Amino acid sequence: MAALTPATGAQHAAILGLGSYRPSRVIPNAEVVEAIDSSDEWIQQRSGIKQRRWATPEETVQMMSVAAARTALERAGVDARQIDCVIVATVTHMFQTPAVATAIAHELGTDQAAAFDISAACAGFCHGVALASDLVRGGSAGYALVIGVERLSDITDIGDRGTAFIFADGAGAVVVGPSETPGIGPVVWGSDGEQFDLIRQREDWRDVVASERPEMPHLVMQGNAVFRWASYQMAKTGQQALDRAGVSIDDLDVFVPHQANMRITDAMARAMKLPERVKIARDIAEQGNTSAASIPLALDRMIEEGDAKSGDTALLIAFGAGLAYAAQVVTVP
Ligand code: UT7
């Protein structure tokens, strides 16, 4: 049996740069409630959302991804040709194949980087960061790019009062590369497929095509069941991520949960007994729920507004359809 040369990578990995892209159309609650029996007051009280961003036709998944990635690369001081792998977390690239990551890698000018999409819905960004960290430490990539991007407005039924006011569009990206100290803690992740039906595409594409009046199979969600699961289970996942990273709650500076609902964020913060001084991401108020893009968008806003700074210790928790979840502690780039 031949002895194979093992892959060897960097001792540690970290997020080296972060970028995001917010679509230009701002949609206030007043506009959303034109199509549903609801009110600005109800939406703000139950979700914390005041307005959201929906993409214009020109703001495609690829366009928003490239814009966010270019900013991340520039801030990381990394050239696109140094990127060995592009991972795109999305559920709104409208081709079953090929992956949009390949087109993004090409447009950015990588040197034919490995490129693939992952489907872990709202948990996709944290899945991507975990994969990228392992690729860099395992020797499969010198630098990896992780993008979370969605155009949920394409698959949201604007007449469905259970989802129309929540979902939104945008992109966020990070460059993951070698580091002298650990900048990405161990991931705590998992899934509960018994709850597969709680958030999903309404029907299978084959049923859409076979129907007499084919229309976009929109997202459907049993919101309250997801709300209860996330509020109770995700605080435990966050605590496990802190424990696995060897970080106590007193070392934490920043909390960036998936921007699903402001009340879920508050419930998690209470359950984890976060000290008052820990800054909490609240991007959902202005941006809506952008699924795989929500964590990098929220962290970028915190950096812009001075609520997070380079070197801070941040806890990321992502959760959504599947039900899938992932959490890790990272150092803010
Ligand atoms: O990103 C992926 C993960 N997704 C999530 O984490 C989403 C989690 N879920 C949620 O954010 C919340 O469940 C929602 C914001 C979607 C809904 O809030 P809720 O507090 O769970 O509302 P509910 O579905 O329990 O409904 C409460 C009441 C009902 O009326 P009654 O039966 O109490 O009279 C609903 O009919 O609110 C009513 N309702 C509405 N009223 C005005 C439901 N939707 C609306 C609406 N406007 N849009």
Side-chain angles (χ1 to χ4, degrees), residues 27-53 89-92 119-127 148-153 155-170 172 189-193 195-202 218-235 237-238 256-269 271 281-285 287-298 316-327:
I27 312 288
N29 288 342
E31 190 173 330
V32 173
V33 299
E34 285 169 13
I36 53 173
D37 176 15
S38 189
S39 66
D40 174 34
E41 192 192 2
W42 189 94
I43 295 170
Q44 288 206 42
Q45 213 174 57
R46 295 293 180 125
S47 71
I49 300 172
K50 295 183 193 154
Q51 59 178 44
R52 75 280 298 130
R53 300 278 183 128
T90 187
V91 296
T92 44
S119 175
C122 306
F125 178 75
C126 290
H127 279 65
V149 57
E150 299 295 0
R151 261 181 70 106
L152 291 170
S153 58
I155 59 167
T156 301
D157 176 356
I158 59 162
D160 173 12
R161 77 205 286 248
T163 56
F165 62 94
I166 290 187
F167 294 124
D169 307 336
W189 58 359
S191 65
D192 180 2
Q195 308 203 67
F196 181 92
D197 283 336
L198 291 191
I199 315 174
R200 63 173 170 83
Q201 179 171 318
R202 194 188 53 225
H218 293 122
L219 279 177
V220 288
M221 177 168 75
Q222 295 176 44
N224 196 263
V226 180
F227 184 98
R228 281 184 275 118
W229 169 78
S231 300
Y232 296 114
Q233 296 300 321
M234 287 304 101
T237 302
V256 194
H258 165 47
Q259 302 290 287
N261 183 316
M262 198 76 88
R263 286 160 58 220
I264 296 178
T265 296
D266 288 334
M268 285 191 289
R282 299 196 179 278
D283 193 40
I284 190 168
Q287 179 70 36
N289 174 341
T290 56
S291 185
S294 89
I295 287 180
L297 275 163
L316 316 181
I317 307 182
F319 53 87
L323 296 172
Y325 59 91

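Position 1 is the first residue of the sequence, and the numbers go up from there. Nothing here was measured: the structure is a model prediction, and the numbers come from that model. When reading the values below, keep in mind they use all heavy atoms of this one structure, side chains included, and skip hydrogens, waters and symmetry mates. As the structure lists them, so they are numbered: ligands from 1, and atoms in each ligand from 1.
- Remark: atom 32 (O) of ligand 1 lies closer than 4.0 Å to no protein heavy atom.
- Residue contacts with ligand 1 do not include Thr163, since none of its heavy atoms lies under 4.0 Å from the ligand.
- Between Trp189 and His127, the angle of the ring planes lies from 30° to 60°, which puts this pair in the tilted group.
- Residue contacts with ligand 1: Arg161 is placed with a nitrogen or oxygen under 3.5 Å of a nitrogen or oxygen of the ligand (distance criterion only).
- Under the 4.0 Å distance rule, the nearest protein heavy atom to atom 47 (N) of ligand 1 falls inside the cut-off.
- Protein heavy atoms are found less than 4.0 angstrom from atom 9 (N) of ligand 1.
- If you check the side chains of Glu150 and Thr290, you find no donor sitting under 3.5 Å from an acceptor.
- Residues Thr92 and Leu152 meet the side-chain proximity criterion, which asks for heavy atoms closer than 4.5 Å.
- Residues Trp42 and Arg161 form no side-chain contact, since every pair of their non-hydrogen atoms from C-beta on lies 4.5 Å or further apart.
- Residue Cys122 touches ligand 1 through its side chain alone, judged by heavy-atom distances below 4.0 Å.
- Residue Gly223 has at least one N or O atom closer than 3.5 Å to an N or O atom of ligand 1.
- Distances below 4.0 Å separate heavy atoms of Asp37 from the following atoms of ligand 1: 42 (C), 47 (N).
- At a heavy-atom distance under 4.0 Å, atoms from both the backbone and the side chain of Asn224 approach ligand 1.
- The closest side-chain heavy-atom distance from Asp266 to Arg282 is below 4.5 Å.
- The single protein non-hydrogen atom nearest to atom 3 (C) of ligand 1 is Ile199 CD1, 3.7 Å, given as residue, atom name and distance.
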